[in-house]
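Reading through the structure tokens given below for one structure.
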Number of protein chains: 2
Amino acid sequence: MLTERQRQILSVVVSEFVNSAAPVSSLGISKIVELSVSSATIRNELGALEELGYITHPHTSAGRLPTDKGYRYFVDHLLEHEAISRDMAIKVAGMFRERVQSVDELMRKASKLLSSLTQEASLIVFPKLESQHFKKVTLISVDELHLVVVWISTTGLVWHGAIELESPVDAEALDLLVNFLNKELAGLSFHKIENFLTAKLRERRDSLAKLHDIAMRVVKESLKVSQELRLFLDGSKNVLEKPEFEDAKKSRRLFGLFDSKKDLLRIFDESIRSEGLKVSIGTESRFVDISDCALVTSTYQMKDDSAGILGVLGPKRMNYSKVISLVEYMAEEMAEVLSKNF
Amino acid sequence: MLTERQRQILSVVVSEFVNSAAPVSSLGISKIVELSVSSATIRNELGALEELGYITHPHTSAGRLPTDKGYRYFVDHLLEHEAISRDMAIKVAGMFRERVQSVDELMRKASKLLSSLTQEASLIVFPKLESQHFKKVTLISVDELHLVVVWISTTGLVWHGAIELESPVDAEALDLLVNFLNKELAGLSFHKIENFLTAKLRERRDSLAKLHDIAMRVVKESLKVSQELRLFLDGSKNVLEKPEFEDAKKSRRLFGLFDSKKDLLRIFDESIRSEGLKVSIGTESRFVDISDCALVTSTYQMKDDSAGILGVLGPKRMNYSKVISLVEYMAEEMAEVLSKNF
DNA sequence: TTTAGCACTCTCGTCAAGAGAGTGCTAAAA
DNA sequence: TTTTAGCACTCTCTTGACGAGAGTGCTAAA
């Protein structure tokens, strides 16, 4: 559809605007692009590109800047798919080699690095609990009436909850319960556990019966906990410092989003449907809060085929090439480290 | 020092400014205050108060607003120390009665409630690990080479870390280690554990010797984890939406603070030195980032005498009476719930 | 000691003017 | 047919001027 020259010009408009945050003029383009044509010719082409909806005008006598459609064309057709820079790759790989205490810590660090390398906001979402599989449960008796329940998934995620008992339960009975749970639940997906256990306990009429209530509470209560913790956000400051968010209204809307993990989770959850890399620009997302932003995400697969999401949120005016290569690389590394170490 | 009338006027200046965010004029004061004096008289008094440093002028022909010193006087001498409103007390008490899975969850909820009731930012800081005391440790073997370590303090805080082993260790040896740790560390303060264990292990030349390395790693590595997690922040959005932070510069400085848990922690850690309630206004704090803010904090005591901090951060223009009574009440309730349930 | 009166100061919004940037169109050149 | 030079036109941004409005500070009288 676009001529080669139009593509070149669109490319310059996008990359110049990404750098300068200011609309780019025909004269400016004619100086940069290696076409030896005058600014008047460029102006004609710009007019055509605008007609086609790829670029726009803030006002009559201003330069051009890309529309969402323009950014989309740029990302889909004009971006040379560069490999990640050597420098960034080293930093990422180095970070993943460091020893960590838990998946939580790993993700926190990864998220920090991702935002500092891109200078945008970064976000890492845990795989959903429902798609994880049971590996082991441990009951720790703290005192007569208090139990701590520790859950471990096959992918190595660990979390804990607590149960308050109505009356003391002896250690043997707890052992019995733990063994029973570990045997029966092995490999089960977490979202099936509750129903499965209800059915299983109904069958038994032996010594386990009196533990029925406790077993159910262990599952019902302590499994719910970690849902809210599923998300690490870092570098939101980076984004709010960009010139497009100098406007108080825009910055507040975005800030409200950063303040609400629930909303963030909803936005990022969209990305889990498609495997692999996804770029969402402006109003392409159905969430109005990020209509001034672009979102580059990738799923990272765990060895049990559940998947989490990691990605970058910034203004549409972002360095797509750099961000995409980094997000892709990080998702790969993350998947590898998780399947190796946990 | 101040005459009764001056105190009345200062009080009106503070409370009017808190409500309206606009400098208050002599005419306005004369309408509100029950003194039947003219605005000219008020003006004379305002002049005197300004001379004394309690209020100031944005420019010659503007109304007055309180200085830090003025707020301080207001908080120390003019505030009627009201009890918490019945409505708020019910909400707080209700929240603390709900069943929770962990101290984490409790604090997250408390923090949410605190910010929503005050419409400021709220912050809850965990008691320092160093001031907590050892209750129990559990080692969970995930697979041949991976251990999950669960720590529980006497106040019921729970956290976990993970250790990767160089070579497999049999279950009996681990049992031995766990029993040893639980016996030897009982009641010890966490910051003494590492040195204590080093000394203790040196004495022993028996079967435990070969577990020396693992024991030390358990303590050294997995104890470090939770330091970063010690803080719950909520409602930062509330503060950034106040008119004083409409200015992009100010809002960014504050936003940077909210984005950095490390800095927040440093600021709040100041408050732990003094037991009980503390109000810090503007430049009274040595942290420039909050020189436009006021901080109302209280320590909450745990049953082992360690203490955490909870508090509210907002513009100096805040409803001190309401915030103070709420923070006090919440600290009491928090201490009570923690000592009862965990 | 209080008050009325008034000059004075500062902000804020509006308006006009001029500079600057960049476009869009036209007509000529290639 | 495509490209280009030239130029009028449009819009923003800054500056300065101006008046209205708000509120003070001072003075002199009550």
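Naming convention: chains lettered A, B, ... in sequence-line order (proteins, then strands); numbering from 1 in each chain. Keep in mind that what you see is a predicted model, and the values were worked out from it rather than measured.
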Q) Mind checking whether A:Tyr73 and A:Tyr54 have parallel, tilted or perpendicular rings, split at 30° and 60°? A) perpendicular

(Q) Need to verify one output field. Residue with the more 5' nearest nucleotide on DNA chain C, A:Ala62 or B:Arg43? (A) B:Arg43

Q. Between the side chains of A:Ser271 and A:Thr297, is a donor N or O closer than 3.5 angstrom to an acceptor N or O?
A. yes

Q.
Which residue in the set A:Leu277, A:Val75, A:Thr118, A:Leu310 passes side-chain contact (heavy atoms from CB on, under 4.5 Å) when paired with A:Val296?
A. A:Leu277

Q | Among C:dT3, D:dT4, C:dT23, the nucleotide that comes nearest once only the side chain of B:Val37 is considered | A | C:dT3

Q: Write down the distance between NE2 (B:His57) and P (C:dT9), rounded to a whole number of angstrom.
A: 14 Å

Q: Ignoring backbone atoms, test whether A:Thr41 places a side-chain nitrogen or oxygen under 4.0 Å from the OP1 or OP2 oxygen of D:dT4.
A: yes

Q) Rounded to whole angstrom units, what separation is found between the CG atom of A:Leu65 and the P atom of D:dT12? A) 14 Å

Q. Considering Watson-Crick and G-U wobble pairs with both distances under 3.5 Å, what does C:dC6 pair with?
A. D:dG25

Q.
Is B:Arg5 close enough to C:dT2 that one of its side-chain N or O atoms is under 4.0 Å from OP1 or OP2 there?
A. yes

Q: Give the rounded distance in Å between these two atoms: CD of B:Glu51 and P of D:dT24.
A: 16 Å

Q: Take atom NE2 of B:His59 and atom P of C:dC10, then tell me their distance rounded to the nearest Å.
A: 9 Å

**Q.** Watson-Crick or G-U counterpart of D:dA30, or none if no pair lies under 3.5 Å
**A.** C:dT1

Q: Ignoring backbone atoms, establish whether A:Ser61 has a side-chain N or O less than 4.0 Å from OP1 or OP2 of C:dG22.
A: no

Q: Grab the CD1-P distance between B:Ile29 and C:dT3 for me, whole Å please.
A: 15 Å

Q.
Please classify the nucleic acid contact of A:Ser25 as base, sugar-phosphate, or nothing, using heavy-atom distances under 4.0 Å.
A. sugar-phosphate

Q. Hey, which of these two, B:Asn44 or B:Gly63, hits DNA chain D nearer its 5' end, going by closest nucleotide?
A. B:Gly63

Q. When you check the side-chain N and O atoms of A:Arg317 and A:Tyr71, is any donor under 3.5 Å from an acceptor?
A. no

**Q.** Residue whose closest nucleotide on DNA chain C lies nearer the 5' end, B:Ala40 versus B:Thr60
**A.** B:Ala40

Q: With heavy atoms under 4.0 Å as the rule, sort B:Ser39 into base, sugar-phosphate or nothing.
A: nothing

Q: Give a yes-or-no answer on whether the side chains of B:Asp234 and B:Ser111 include a donor-acceptor pair shorter than 3.5 Å.
A: no

Q. Which part of the nucleic acid, if any, lies within contact of B:Ser36, taking any heavy atom under 4.0 Å across all strands shown: a base, the sugar-phosphate backbone alone, or nothing?
A. sugar-phosphate

Q | Nearest-angstrom distance from the residue atom CD1 of B:Ile42 to P of D:dC26 | A | 17 Å

Q: Would you mind pulling out the nucleotide paired to D:dT2, Watson-Crick or G-U wobble, both distances under 3.5 Å?
A: C:dA29

Q. So does B:Ser26 get a side-chain nitrogen or oxygen closer than 4.0 Å to the phosphate oxygens (OP1/OP2) of D:dT24?
A. yes

Q: Using a strict cut-off of less than 4.0 Å between a Lys/Arg side-chain nitrogen and an Asp/Glu carboxylate oxygen, indicate whether B:Glu244 and B:Lys250 qualify as a salt bridge.
A: no

Q) D:dT3 C1' sits how many Å from A:Leu27 CG, rounded? A) 16 Å

Q. Roughly how many Å is it from CD in A:Glu45 to P in C:dC25, rounded to a whole number?
A. 15 Å

